[in-house]
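Here is the structure we will look at, set down as structure tokens.
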Amino acid sequence: MPMTLPVPIEFRLPEGWLPAAPPDGVDVPDVAFAAVRPHPDAGFSANITISGEVPPPEVTLPELADASARRLGEAVGPVAVDFRREVGSADAPALTQRLTFSGIVGDTPHDLVQSQVFLTFADVRDPHRRAVIRLSLTATAAQHDEVIGDFQDFVRTVRPDPDAGAGA
């Protein structure tokens, strides 16, 4: 069963991207939403995923980014952090990082790139706590430059959903 985000958000997928359901029998516990670009590169479809958590207050965005890279490494093997930068403001800190790794899809090895953006929002249940939403783009190294603009456009559309509590 997909995870539930700690804060409701709204967003708009880039043109041509499609919502994706996990394959039958595949449990994706740490992903709340996924989308794919239906133009694979050598059998690998670029994808965008959304996940989130409410970390303890003392945990920093770089620590969350380190943990994300470590979890990916546990699943796929060696992961390199090629780029990391803290962005945003004091009121709405954010972090972006780019990870590179190799993976096998079917029987084919791929050099993959994952761009991650960590956004902070006030927790809807307790405004004194912060929720962190992680947006990830995973693509082949050959396709990454072609789809990163779509991902950047997508990130710009992500915001808290003001209507999530309406009518409840």
Heavy-atom side-chain contact between [X] and [Y] under 4.5 Å:
{"X": "F154", "Y": "I50", "result": "yes"}
{"X": "S136", "Y": "F151", "result": "no"}
{"X": "L95", "Y": "V117", "result": "no"}
{"X": "L61", "Y": "T120", "result": "yes"}
{"X": "D111", "Y": "T140", "result": "no"}
{"X": "E86", "Y": "P62", "result": "yes"}
{"X": "V79", "Y": "R70", "result": "no"}

Hey, can you tell me if F44 and H110 have their rings parallel, tilted or perpendicular (30° and 60° cut-offs)? tilted
Check: T157 side chain, R12 main-chain N or O, donor-acceptor pair, under 3.5 Å: yes
Under the 3.5 angstrom rule, does the side chain of Q114 hit a backbone N or O of F101 as a donor-acceptor pair? no
Kindly determine whether L135 and L119 satisfy side-chain contact (heavy atoms from CB on, under 4.5 Å), including the steps that lead there. CA-CA 8 Å; L135 312 170; L119 303 175; 3.7 Å; yes
Shared ILVMFWY cluster between F11 and V7, side chains joined below 4.5 angstrom? yes
Joint cluster assignment, V81 & L112, ILVMFWY side-chain distance < 4.5 Å: yes
Atom CD1 in I9, atom CG in D161: separation rounded to 0.5 Å? 9.0 Å
What distance do Q152 atom CD and T96 atom OG1 have between them, rounded to the nearest 0.5 Å? 8.5 Å
Taking all heavy atoms of A139 and all of A46, pick out the closest pair and write down the distance. CB-CB, 4.0 Å
I need the minimum non-hydrogen distance between A65 and F118, along with the two atoms involved. CA-CZ, 3.7 Å
Starting from the C-alpha separation in whole Å, work towards a yes-or-no answer on side-chain contact (heavy atoms from CB on, under 4.5 Å) for R98 and V113. CA-CA 7 Å; R98 184 175 52 244; V113 178; 3.5 Å; yes
Please name all residues satisfying salt bridge (charged side-chain N to carboxylate O under 4.0 Å, His left out) with E146, sequence neighbours left out, ordered by chain then number. R37
By side-chain contact (heavy atoms from CB on, under 4.5 Å) - contacts of P19 (at least two apart): L13, F33
Can you tell me if CZ on R71 sees more than 12 non-hydrogen neighbours from other groups inside 6.0 Å? yes
So, using side chain to side chain donor-acceptor pair (under 3.5 Å) as the criterion, who are the partners of [X] when residues are at least two apart?
{"X": "S115", "value": "H144"}
{"X": "R156", "value": "D153"}
{"X": "E63", "value": "T60"}
{"X": "Q97", "value": "R84, Q116"}

So I133 and L5, side-chain contact (heavy atoms from CB on, under 4.5 Å) or not? Walk me through it. CA-CA 8 Å; I133 302 297; L5 292 175; 3.9 Å; yes
Please lay out, stage by stage, how D82 and T100 fare under the test side chain to side chain donor-acceptor pair (under 3.5 Å). CA-CA 7 Å; D82 286 352; T100 56; 3.2 Å; yes
Would N47 and L137 count as a side-chain contact (heavy atoms from CB on, under 4.5 Å) if you check the C-alpha gap in whole Å, the side-chain angles of each, and the deciding distance to 0.1 Å? CA-CA 6 Å; N47 61 80; L137 165 71; over 6 Å; no
